[in-house]
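Below is one structure, written out as structure tokens; comments come after it.
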Amino acid sequence: MSGDESVRRVLLVWCPDWPVVAASADHDVPEKSPVAVLGHNAVVACNGPARAAGVRRGMRRRDAQARCPELVLLTDSPDRDARVFEPVLAAVEELRPGVTPLRPGLLAVRAPGRFYGGEASAGAVIAERLVGHGVWDCRIGVADDLFTAEQAARLAAPQDSVVVPTGGSARFLRELPVGVLDDADVVSLLRRLGMHTLGDFAALPARDVLARLGAYGARVHRLARGDDATPLAARTPPLEWACEVAFEPPATSVETIGFSVRQIAERLVDHLAGHGLVCTQVRVDAVCDGRIASTRSWAHAHWFSAADLVDRMRWQLQGQLAGGHAGPGLSAPVERVEFVPETVEPVADHARGLWGGADDRVERVVARLQSMLGHEAVTRPVLQGGRAPTDRQALVPWGELPGGQRPVDQPWPGNLSSPAPARMFATPRPAEVVDAEGRHVWVDDLDVVSSVPTRFHLAVGQRRLAVAGRGEGGVHDRWQQVAAWAGPWAVEEVWWEGAIRQVFRFQFVGADGRAWLLSCAPDGWWVEAGYD
Amino acid sequence: MSVHPVSSPVLAGAALVYEPAGLVPVLPALRGLLPGLRRGQVVAIDGAAMVLLALLAGASAAGAWCAVVGVPDFGAQAAADLGVELDRVVLVPEPGGQWAEAVAALLGAVEVVLVRPPGRVPGAVARRLVAMARRHASALVVSGDWEGAHARVRVAASQWTGPSGGGSYLRGRRVRLEVNGKGAGGRPRSAWVWLPGPDGAIAPADLEVAGPVQLGVAG
């Protein structure tokens, strides 16, 4: 450790099962009794004794009670979690200013370097202070970045700390199982790809990771590779990007404020996105009675969405202005709430897919589908030049750059000026066309139709017709009258092995009002597309 | 069954139509029939691929991502002509037996999923997919029948203009669309619509402007 100013070390304090700790504090639950916090009838969090009895997160109330009959059940309340966490923040703040909570139960602070005799002893000092405040289970991680520090804290024993040395993030992360990523889709995909540690994951090419796993995956990947000298090109945004909501008359309930703040939060996130940025640290200020009554910086392990911002605002007001009691009321009416982005990071190479503009969630689901159905099974339709309508489009496997397509804007002989068909058959289906006497219709050497087509029969889309015509019976069930037709248009078509053959295109409208594109080739009639 | 031609105010106000939060927008010409694709609900379309593409077009033009499952004959040019942004379309042409899984996954990622199920959809599968749509506030558009669909769109009649006795070519089509369902307030609505018109656009088409050719009625 050189004491180099360019390295910002992060000390992270994690209080496990925080919802349980907060709920127990509120309800005077005896120590060591198994407790679970329920939200929507499922376990949101539980403590050690409950886990020992087999209770797990996500379990339904009934199942949890069956596993552990003496289980104490408490209702989930994020606002309470925030309120109870507030004294913890204050306690750490007394030791070290600049505390940034991530969410209730998780806070980060710049590691104090040698001030307390090194990072590990600084951790011990903080743990001691928290225990003094009645928080028995707190674990501390110190590392170069938030993600690694959080992983380190998760490995620490209660009241103990794990320090990852400067520059040691990559080596530390490589040992961890992929399950530490907090994205179930990414984890499940990596496992199915046979990757069990972040080290396996680090071996993947960066380009594929970004394409398949999105920005979060790419970020963890970069950390695990350790090949990024400046992992966070973080910067402080100009002050004018801050945005605020004023309340007239001043608002007295967190609900009202939360409701009004949502829009401005969305605008802030959009505004940053417009500059290719995301916000990873934000300061929330609330003004009561002409002065800032509540201010706090919040950090985020990935980046803040609009909903995240609203949550942080709620938690903060609940913790600092609710006057220490539960309920939506505030001790002082709030005149103004302000979001000040403190740290923003470029997201340009994240949010934009390699082929432009692909959305993160879409990429992730597509990756999952491709692992389920095969790479070629998920496609992007693209247009290209060509004579036949069916040549004029191509389905490119998702994630591949379209290549080898013909230019769209060139004039192509034989191109129809009709509306484009809504259905394109990749391989033409056989068809038959006859005249009034039942003779097959064909086109002669002079490009003239042998006789007037009156009935046709297709090997597509006939299900409904067959059913409708059942009453009439007979062999003509699947044939239908030609209500109108147009053609022929002669086209030279490149057939297989480069041979050129002459085909004639027709448009047929059936008695049911559906229209088709047929071609009369030397080997018979084919349906190429439907104007259905 | 009476025909209600789409009245001109619908067209005139098209640009000003306010999108309620629960709706994925549809093309202005269709709003008289279907105000939008309701999130978390199912619209079933009988037949006509063009109607499916038209429904995608409205959502896509509004910036939504769309997915198309089980439609190997997806007409990309027609879709693009109607206003579908192909860059924001995920197409799973032949998902085989895993179509329902594919739809379920995509409902979590895009705003509109269009699916042509391979056969009758078992009630349990249908309910699971609707639950997914509801959870992710995405809309499901089904080609074919769907038990419990919130709205059903049917092509009641279809007339092409253009071809006659070998001459000319297909220029435009007028269809009478009929919408039934819980969402439509119980009463079926119907209207004539150019799908597409001779200029390639989807527009209301009332009967007086009948085309020069034949009239066919689907069963």
Side-chain angles (χ1 to χ4, degrees), chain A residues 355-359 361-366 368-369 372-373 377-383 389 392-395 398 416-426 449 452-453 460-461 464-465 467-469 483-489 506-515 529-532, chain B residues 46-53 65 67-68 71-81 86-96 98 101-102 105-106 108-110 155 157-160 162-173 175 196-198 200 213-219:
Chain A
W355 40 89
D359 174 288
R361 256 184 324 170
V362 174
E363 288 302 335
R364 213 129 6 107
V365 164
V366 165
R368 209 164 91 212
L369 287 179
M372 189 165 96
L373 305 168
V378 186
T379 63
R380 231 151 42 83
V382 295
L383 302 179
R392 296 174 61 82
Q393 68 179 59
L395 303 184
W398 194 276
L416 299 172
S417 43
S418 290
R423 298 177 68 185
M424 299 279 204
F425 303 119
V449 185
V452 175
V460 285
R464 279 191 314 141
L465 279 179
V467 173
W485 61 285
W489 295 282
F506 290 81
Q507 290 172 327
F508 278 68
V509 181
D512 60 357
R514 300 162 97 188
Y531 297 90
D532 190 14
Chain B
D46 182 15
M50 204 67 177
V51 181
L52 295 167
L53 299 184
W65 273 83
V68 180
V71 185
D73 52 4
F74 180 79
Q77 182 74 56
D81 290 349
L86 295 180
D87 283 346
R88 285 197 303 267
V89 172
V90 181
L91 176 57
V92 186
E94 292 178 69
Q98 287 176 295
E101 283 75 11
L106 287 163
V110 303
V155 175
S158 167
Q159 312 175 343
W160 278 96
S164 54
S168 190
Y169 53 86
L170 293 175
R171 288 175 189 278
R173 172 169 66 158
V175 296
V213 284
Q214 89 296 334
L215 179 135
V217 177

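Just so it is clear, the values below take in all heavy atoms, side chains as well, and ignore hydrogens, waters and symmetry mates. Naming convention: chains lettered A, B, ... in sequence-line order (proteins, then strands); numbering from 1 in each chain.
For A:Val452, no part lies near chain B; criterion is any non-hydrogen pair under 4.5 Å. In this structure, chain B has no heavy atom under 4.5 Å from any part of A:Ala426. Contact of B:Ala79 with chain A is not made at all, since no heavy-atom distance falls under 4.5 Å.
Distance CZ/A:Arg392 to CE/A:Met424: 8.5 Å, rounded to 0.5 Å. The CH2 atom of B:Trp160 sits 5.0 Å away from atom CZ of B:Arg173, with the distance rounded to the nearest 0.5 Å. Residue B:Leu170 holds its CG atom at 3.5 Å from CD of A:Gln507, rounded to the nearest 0.5 Å. The line from OH of A:Tyr531 to CZ of A:Arg514 is 15.0 Å long, rounded to the nearest 0.5 Å.
Taking B:Leu106, B:Asp81, B:Val110, B:Val175 one by one and counting their heavy-atom pairs under 4.5 Å with chain A, the maximum is reached by B:Leu106. Interface summary for chain B: among A:Ala515, A:Ala422, A:Gly530, A:Ala377, the most heavy-atom pairs under 4.5 angstrom belong to A:Ala422. Highest contact tally toward chain A, considering only B:Ala67, B:Ala102, B:Pro196, is held by B:Ala102 [criterion: heavy-atom pairs under 4.5 Å]. With respect to chain A, the highest number of heavy-atom pairs below 4.5 Å among B:Val90, B:Leu86, B:Val89, B:Leu91 belongs to B:Leu91.
Note: A:Phe506 and A:Trp485 have tilted aromatic rings, judged against thresholds of 30 and 60 degrees for the angle between ring planes.
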*Starting from the C-alpha separation in whole Å, work towards a yes-or-no answer on side chain to side chain contact (heavy atoms under 4.5 Å, CB included) for A:Arg380 and B:Asp87.*
CA-CA 7 Å; A:Arg380 231 151 42 83; B:Asp87 283 346; 3.8 Å; yes

